[in-house]
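Working notes, structure below.
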Amino acid sequence: MEIGETSGSIMQRDPNCTLCPLHKTADFVCLLGAGPRRPQAMLIGEAPGQREDAEGRAFVGRAGQLLDRMLGEVGLSRDDLYITNVVHCRPPNNRSPTRREISACMKWLNYEVSMIKPKIIALLGNVALKAMLGLKGIKKLRGRPIERDGVTYLPMYHPSYILRGDNKDLPTGIADLRTLKDIIEYGGVPEERDLRPTLVDTWPKVEQMLAALTGSVSVDIETTTLYPWAKDARVVMFGFGTRAGEFDVPAFHKDSPWTDKDISRIVELATDKLEDTINVYHNGKYDCLWMKVHYGVNWRNDFDTLLAHYLIDENSLHGLEFLARLYFGAPNWDIPLEEKQGNAPLPKLAKYHAHDLFYTRKLFFELSHELKDKQIKRVFRHILMPAANLFVHMEHRGCYIDATRMDEAERWLRSELTKAELALNKWGKINWGSPKQVGKLLYNDLSIKCPQTTRKGAPSTSESALNQIDHPAVADLIRYRGHRQQLSFFVEGWRPYIVNSRIHPSFKLHGTVTGRPSCEHPNFQQVPRDTRIRSQITAPTGWTLVEADLSQIELRLAAELSRVPSMMEAFRTGLDIHWKTALGELERYAGQRELVLATARAAQGSKTSYAEGIEILRKMGPDAAIDIDPAWKEIRKRAKAVSFGYLYGMWHKKFRIYARDNYGIVISDEEARKSREAFFDLYPLTTWHHSCQRIAADYGYVRTMTGRKRRLPHAQDGHDSPERAEAWRQAINSPIQGTASDLNLMVLLELASAYPRTVVKPIITVHDAILAEVRDDYVERVATRLLEIMRSPVMLKIFDIHFAVPICGEVKLGPWGSGVSLERWRRENAGNQK
DNA sequence: TGCTGATGCGCG
DNA sequence: AAAGCGCGCATCAGCA
């Protein structure tokens, strides 16, 4: 070993190192870093380059020069820094070091770190990030300090990366070096200057905390699990961010001084104070739900920073840490999941928790200022925040599951599945759930011609492809898939979620870019319409499940927004648009001949021609036709899909495919084009389409009728592109989808405010429908009221919306998917109402 | 062994 | 060059 051969180094290097193969190709073996023994910070790069290798000095090539320039820019000097690399020999051909080389050379990096003992380390590039912290994703992690074992790490781009990118990331690199300088000057993460955490572990401190609960207060909790009904679900810590600092109350933690009784008392005292404060949460639905489940308290959420940011930019992420960095350049204060769940010492947990509280409160001031758009603020105040609070009760109630129906559904699905599988196994014993194996069997072993490939070029086994194949296995395969999916989604998939006969799904009010809520764990918005599946969800004894849905709401809104006279007229006279479209399509191709003739005959009592039959069907409407033959239901459903397709910008080529897959009708391009033209002749929507596109292109966004924005930056692209075409189609769809969803939420809110929570319990929203459990003695009143609400939602006044097209809805009473109309329910339950 | 992307399919 | 929109999730296969 030699001492100090490297210029400026105080290290003992090993020029004969053979820990990895790089020693064979490098000129200068074991090129350690350079700098003072007690530097302000340590910088770690990737590996020596050509010039470094030749001169035996770290960071002297082009990257080194750029680094010097950047350091100069922010007022840092190389003389105060120790600069080294993860790998200490030059890899040949300018390649990156391999994992093996990196792990072999860690010995030398660890040696350098142990000698220098830096408190601050800058990680230049992904290799250093991975080597020191085991993390990857420099683009995501750069610029934010990460503290570990008392050392502050700052990931940033490697200067070579900046050079490769033509210096377009130079400003970012310089900004990150400024952060480094801040950290050096402060001796740690600067933002923490503002943090004033108090671990509330004595009664005097409780008093101090309660006294601080005035004005705007941020609220946050830490928990052992994400699911409040899990077996080992506990609140680890709860607390409040105030003007006087952050107060962290340890609850379920091995070092907590509090008994369960103490905690209940503290929660009770805090609950009183929170009545009179402005309560700020980040995704408060989560915290409020937990507090309700575990302590039985109803904490009110006045301002949700996640939902506020969702309205400010629906395309972005909305996580607390992400926003704190975006708005304040905050450090990464995250700790490992395991520690958050209660396995960190209390002071460490309190510090983490204090960050959450501090930045939630800080974001409140920032975002309430940024919600300056009056219309958006109105959506926030009158829809999102009330809905966020209502959803707590909705999720808390959960959906009642009928165990008997679930068992029946399972038995039926399993027997169907067995039958289908038995039939399939004639063709080969494979895993029929694997698209790859199915593809191989069909297209290789059975030598069927593959009708289409997937996006990635693999032979497709999708339903669309299968429908083009003439083979007896196809029908069985489609059945097999359907039953298999239903079994694993809606029976097996649900079972683990059941708690006391109920499933508590989680809704995200920020789940979509259009304003619709989404639903997960499980997703109750994708339950098949099959009665066997749907009616698993019902209401317990003493309660009735009520479903209210807004009839054809998207189409009504399209009529309203486009002002197309024929569409508006259709809704004024109560005509069914999808029915009209369905019959138009059939007539064009003289399709479903026997069904048309048979249905018309049944209705008429005498034989008719095909054309007369179509006319009779047109007059009788879908409901009467479905009564005669249920096959009409499917036909109308398919026409509906086509109408929506055209409405939202589908082109004739896709219709061709649609007709082939769904009607089994092979039509020419020309015929498809004519079909589309016929639709637009009937409903001239083109002008409206263009105006939506124009607005998006001019402003870069479109709005719902409630004022919610859908930002479409690509709509402003100067040239025609797939992205712009997509944005333009979204410009047509979003105002409708978003308005429909807001309307649905408004109906839900109005229902909830019309009756006490002891009488009406909303449980699910499905885009244009709501489901609620209603106490038996209130069913008739609530159902009637719901119909009134849907005809004229009181909340339309708040948004100053006036409809020319009538809106209405229908209610169904009874298990989901098999409920009956109010009239029928009245007949069957006469005299049960108070 | 756990993660990611592709595929496929349920709903509105 | 390509042309309905919006979701969640189970499964498989490839990869580390």
Side-chain angles (χ1 to χ4, degrees), chain A residues 99 130 136 314 430-439 453-466 477-478 480-494 505-508 510-530 533-534 549-550 552-555 558 637 640-658 676 679 685 689 692-693 702 710 712 719-738 740-741 744 764-770 816-817:
Chain A
R99 273 161 34 108
K130 183 86 212 293
K136 49 186 172 182
E314 74 286 352
I430 59 164
N431 177 357
W432 291 93
S434 161
K436 200 170 183 176
Q437 293 180 35
V438 169
T453 59
T454 65
R455 245 173 301 150
K456 233 188 117 200
S460 171
T461 64
S462 68
E463 204 169 319
S464 155
L466 294 178
L477 180 53
I478 290 174
Y480 172 83
R481 276 194 187 152
H483 292 140
R484 203 176 119 112
Q485 198 205 18
Q486 295 205 339
L487 186 64
S488 77
F489 270 53
F490 308 109
V491 175
E492 291 173 343
W494 283 4
S506 175
F507 289 89
K508 279 215 212 72
H510 59 288
T512 71
V513 284
T514 54
R516 277 182 174 180
S518 69
C519 176
E520 55 186 3
H521 311 307
N523 181 355
F524 275 146
Q525 295 176 330
Q526 56 166 174
V527 182
R529 305 196 65 154
D530 188 323
I533 305 291
R534 271 206 177 174
D549 70 281
L550 291 157
Q552 307 194 41
I553 189 62
E554 290 202 16
L555 231 44
K637 189 177 132 191
K640 186 173 162 184
V642 172
S643 299
F644 277 114
Y646 287 146
L647 174 65
Y648 294 135
M650 183 173 80
W651 284 68
H652 70 271
K653 292 201 180 204
K654 177 122 179 201
F655 173 70
R656 234 188 116 176
I657 295 166
Y658 191 86
R676 186 172 184 276
F679 180 86
L685 293 157
H689 278 187
C692 293
Q693 294 166 349
V702 290
R710 167 84 160 103
L712 298 165
H719 57 282
D720 195 5
S721 65
E723 289 81 11
R724 194 180 74 172
E726 188 184 3
W728 283 9
R729 289 193 302 275
Q730 289 163 337
I732 295 167
N733 172 270
S734 296
I736 292 184
Q737 201 184 103
S741 172
N744 195 52
I764 302 180
T765 74
V766 201
H767 311 314
D768 62 1
I770 59 179
W816 199 18

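What's counted below: heavy atoms across the whole structure, side chains too, no hydrogens, waters or symmetry copies. Note on naming: letters A, B, ... go to the chains in the order of the sequence lines (proteins, then strands), and numbering restarts at 1 for each one.
Contact annotation for A:Arg710: backbone-only contact, meaning every heavy-atom pair under 4.0 Å involves sugar-phosphate atoms and none involves a base. Residue contacts for A:Arg534: at a heavy-atom cut-off of 4.0 Å it reaches the sugar-phosphate backbone alone, with no base atom in range. Within the 4.0 angstrom heavy-atom criterion, no nucleotide atom of any strand lies near A:Gln486.
Distance CD (A:Gln693) to P (C:dA3): 16 Å, rounded to an integer number of Å.
Contact between the side-chain N/O atoms of A:Gln730 and the OP1/OP2 oxygens of C:dG4 is not found at any separation under 4.0 Å. Within the 4.0 Å cut-off from OP1 or OP2 of B:dG8, not a single side-chain nitrogen or oxygen of A:Arg481 is found. Residue A:Arg484 places at least one side-chain N or O under 4.0 Å from the OP1 or OP2 atom of C:dC12. Within the structure, a side-chain polar atom (N or O) of A:Lys654 is placed less than 4.0 Å from OP1 or OP2 of C:dG4.
Checking B:dG12, C:dC5, C:dT11 against every side-chain atom of A:Ser488, the shortest atom distance belongs to C:dT11. Set against C:dA3, B:dG8, C:dG6, the side chain of A:Trp651 has C:dA3 as its closest nucleotide. Nearest nucleotide to the A:Glu520 side chain, out of C:dC9, C:dC5, B:dG12: C:dC9. Of the candidates B:dG10, C:dG8, C:dC5, the closest approach to any side-chain atom of A:Asn733 belongs to C:dC5. Listed candidates were C:dG4, C:dG8, C:dA13. Nearest to the side chain of A:Arg729 is C:dG4. Distances from the side chain of A:Ser518 to the nucleotides C:dG8, C:dC12, C:dC9 place C:dG8 closest. Taking only side-chain atoms of A:Phe489, from C-beta outward, the nucleotide of C:dC9, C:dC7, C:dC5 with the closest atom is C:dC9. Closest to the side chain of A:Gln485, out of B:dC9, C:dG4, B:dG12, is B:dC9.
Between A:Trp494 and A:Phe490, the ring-plane angle classifies as perpendicular under the 30° and 60° cut-offs.
Mapping A:Thr512 and A:Phe644 onto DNA chain C by nearest heavy atom places A:Phe644 closer to the 5' end of the strand. Mapping A:Asp720 and A:Glu726 onto DNA chain C via the closest heavy atom, the residue that lands nearer the 5' end is A:Asp720.
A 3.5 Å limit on both hydrogen-bonding distances identifies no Watson-Crick or G-U partner for C:dG4.
Looking at A:His689, its side chain never comes within 3.5 Å of a backbone N or O of A:Arg729 through a donor-acceptor pair. Distance alone, capped at 3.5 Å, places no donor-acceptor pair between the A:Arg529 side chain and the A:Gly817 backbone. Of the possible polar contacts, none joining the A:Asp549 side chain to the A:Asp768 backbone as a donor-acceptor pair under 3.5 Å is found.
When each of A:Gln730, A:Glu314, A:Gln737, A:His767 is checked for a side chain to side chain donor-acceptor pair (under 3.5 Å) with A:Thr514, only A:Gln737 meets the rule.
Considering CZ of A:Arg484 and CZ of A:Phe489, their distance stands at 11.0 Å, rounded to 0.5 Å.
Ring stacking is absent between A:Tyr648 and C:dG4, as the pair misses the limits of under 5.5 Å between centres and under 30 degrees between planes.
Donor-acceptor pairing under 3.5 Å, judged by distance alone, is present between the side chain of A:Gln737 and the base of C:dC5. Between the side chain of A:Arg516 and the base of B:dG12, at least one donor-acceptor pair of N or O atoms lies under 3.5 Å.
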